[in-house]
Amino acid sequence: MKSQKNSSGRSQSQSNSQTNTNTSPQNLIKKINEFYLCTDGVYKNKSQSLIKICGYLDVKALCRDGESSDWKKLIEFKDVDGFTHQQQISEAVFLGQHKDILGPLVKDGLQVINSVDTVNYIKTVTPQDRVRIVYKIGWHTFNSLDYFVLPDGQIPHNALEHIILDPSVTAPTIGCKGTLKEWQDHIAKPAVSSSRSILSICAAFAAPLVSLGHRANAGFHLRGNSSSGKSVAQAIGCSVIGSPNYKQSWKSTANGLEGIALAYNDLMLPLDEISQADPTSVCTSIYDLMNGKQKIRANKSGLVSKTIMNWFLLVLSSGEESLRDIAMKQGRRVKAGEEIRLADIPADAGNELGVNEFLPKGFTSIQDYGTAMKNAVHQYYGTAFQAWLTLLAGYKHDDIPTDLAAEINTFVTEVAPKGTSQVKRVAESFGLLAVAGELASEHDITGWAKGVAWKGVKTCFEAWHREFGDGLPKEEQEIINRALNVLTKNQSCFIDLHREQVPDVHIGWIDSSKTGNQEFYVYHQAYVEHFCMGKSSRLVDQILKKAEILLEVGMSINPRSRNKDTVKVRKMIIPDEK
């Protein structure tokens, strides 16, 4: 049977579905002026009849940013399948056309019957609730109170402020599965068998303390072959915060470094497989990540953006290559600044168990342990971080920098009492991890005994320290090593002071007639080329004099190979080992 058309051109069945002669419907949620929000949609009172104007749509709150600007309305609506969506509509959009207001809502499934009335309804509603919009994850302060904003909420939850992350912001996969007790039993407690896994867990706890403690961004790189277990250790660290999907790859930093850094603000940023990164940009990426600030850019009009966003984070990297390996492939030397910003830790703990020092109870092989951990990180995650943030939110944040500095100084004094400024800088970064791990353990978040976190992180620092070296800043050590290498392995390039022959490659002269240490005489051009390698000769002079390798600058000699003409040289020796 065909439906009859009414005078408005709609079918009678359509008209009945959109009209309700009862002005107080049973499914009413609330009334706003002439509009009625019901469970199945919004109605308008027209001539004592309720006419449906759109599907379910509730204006939940008024939104603004941290500076009480950029006002919006928070809209919650349902699509035709009943799924709930949320969007924000800027107040400025209401000055434009209806399609600009309703288009995004319709795109997500809102049923709009009368666009004019629907827009008027949204304009009319002025909710009492207020929401604060932020544009990055992490710590935010409003009205002297501190909040940690996550993609799906905030901590503390029962706060005076309701804060949400802007939906347009890219965010990592953060979530919870299982209970804290299950995470402790299946992941954290078995992980004490591996100092590298302890470090990874502590890095996740330490990241929110970087900004609170006024600490510098830092990075840690677990280097080892594919069977060392470095990826498992990294995944264990990720389980503090979320599932294995929380991890990023070095390859993803090629074009979106700043976006990734902002997405992981106040968090641990796990980057897997450094060998997949563009080798020409790895070192630049490290500097940019640790710098913690967006680059200044101009728009098409040449105007510089008013807002330069920054980030605080800890990087937990992994891969089969070190920064030194990557630099060598490019035919250059790794800079000390790069190595202290991303501390290279050998993944192998030296006990033929990969990253493990021993096997935890219940495991008969390292393969069984690795398999169990890979399964566990998919089943239990995120609860430790929720508990940790709740703990930190309750602290008096003004006291954290001083308290943290004192604890970190204790760690540095213990592990590097005579270290150089570079070594101590890295020790401070490791110290932050140790302090965070101990604090989490003290409050029953890790399930570890006192001292476990401290010892595990200390072990990793010592492994880094052995490879990085001690006693001298990295640049000085490289200059000294280069000088000793030239003097010990290239003696054929030195002419005997008392002979006339001249070799093809000529660095200087050697006086083997002297008792004790042999004396080398290097002329200036050879010194610049073979000893300085692009460094200032004055700087190299200072370092080699302090190391007692360079004894005199501008000394005059009369070698037989120069017909006893006077030559200005630098007098050098190979010092005795102390």
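Residue numbers run from 1 in the order of the sequence given.
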Do we get K177 above Y381's six-membered ring, with its NZ or CZ under 6.0 Å from the centre and within 45° of the axis? no

Any donor-acceptor pair under 3.5 Å linking the side-chain atoms of S90 with those of W71? no

Give a yes or no on whether a salt bridge exists between E357 and R196, defined as a side-chain N under 4.0 angstrom from a carboxylate O. yes

Tell me yes or no: between the side chains of D266 and S211, is some donor less than 3.5 Å from an acceptor? yes

Please assess D108 against K78 for the test salt bridge (charged side-chain N to carboxylate O under 4.0 Å, His left out), listing each intermediate value before the final yes or no. CA-CA 9 Å; D108 275 357; K78 293 181 179 180; over 6 Å; no

With under 30° as parallel and over 60° as perpendicular, where do the rings of H85 and F77 fit, or are they tilted in between? parallel

Less than 4.5 Å apart, side chain to side chain, heavy atoms only: is that true for F363 and S193? no

Under a plain distance cut-off of 3.5 Å, with no hydrogens placed, do E438 and W448 share a side-chain donor-acceptor pair? no

Any non-hydrogen side-chain atom of L313 less than 4.5 Å from a side-chain atom of N265? no

Pairing donors with acceptors under 3.5 angstrom, does anything connect the side chains of N310 and K136? yes

Parallel, tilted or perpendicular, as decided by the 30° and 60° cut-offs, for the rings of H186 and Y380: parallel

Scan side-chain atoms only and decide if S441 and T446 contain a donor-acceptor pair under the 3.5 Å cut-off. yes

Would you call K458-E414 a salt bridge at under 4.0 Å N-O? yes

State whether the number of non-hydrogen atoms from other residues, nucleotides or ligands found under 6.0 Å of K189 atom NZ is greater than 12. yes

With the threshold set at 4.0 Å, does a side-chain nitrogen-carboxylate oxygen contact exist between K396 and D146? no

Once the angle between the rings of F461 and H465 is folded into 0 to 90°, is it parallel (under 30°), tilted (30 to 60°) or perpendicular (over 60°)? tilted

If you measure only the distance, is there a donor-acceptor pair under 3.5 Å linking the side chains of N356 and N351? no

Going by the side chain to side chain donor-acceptor pair (under 3.5 Å) test, which pairs reach into residues 368-377, not counting sequence neighbours? T364-D368, S365-D368

Do L212 and P401 have side chains that get closer than 4.5 Å, going by heavy atoms? no

Which pair of non-hydrogen atoms, one from I137 and one from P172, has the smallest distance, and what is that distance? CD1-CD, 3.5 Å

Donor-acceptor under 3.5 Å (Q184 side chain, D444 main chain): yes

Is there a donor in the side chain of D70 and an acceptor in the side chain of Y135, or the other way round, less than 3.5 Å apart? yes

Could you tell me if the side chain of Q248 sits less than 4.5 Å from the side chain of P270, heavy atoms only? no

Let me confirm one number: the CD1-CG distance from I408 to L209, rounded to the nearest 0.5 Å. 8.5 Å

What verdict does the salt bridge (charged side-chain N to carboxylate O under 4.0 Å, His left out) test give for R223 and E467, after you've listed the backbone C-alpha separation in whole Å, the side-chain angles of each residue and the deciding distance to 0.1 Å? CA-CA 12 Å; R223 170 186 44 83; E467 298 212 354; 2.7 Å; yes

Could you check D344 against E339 for side-chain contact (heavy atoms from CB on, under 4.5 Å), going step by step and ending with a plain yes or no? CA-CA 7 Å; D344 184 80; E339 289 193 293; 5.7 Å; no

Any salt bridge between D58 and K30, counting N to O under 4.0 Å? yes

Sorted by chain and number, sequence neighbours left out, side chain to side chain donor-acceptor pair (under 3.5 Å) with T413 holds for none

Okay, side chain of E407, backbone of L404: is any donor-acceptor separation there less than 3.5 Å? no

Given side-chain contact (heavy atoms from CB on, under 4.5 Å), test S275 with E320 step by step and report yes or no. CA-CA 7 Å; S275 59; E320 297 187 19; 5.6 Å; no

Under the 6.0 Å and 45° cation-pi test, does R132 pair with F142? yes

Between the side chains of S318 and Q234, does any donor sit under 3.5 Å from an acceptor? yes

Any non-hydrogen side-chain atom of L323 less than 4.5 Å from a side-chain atom of H221? no

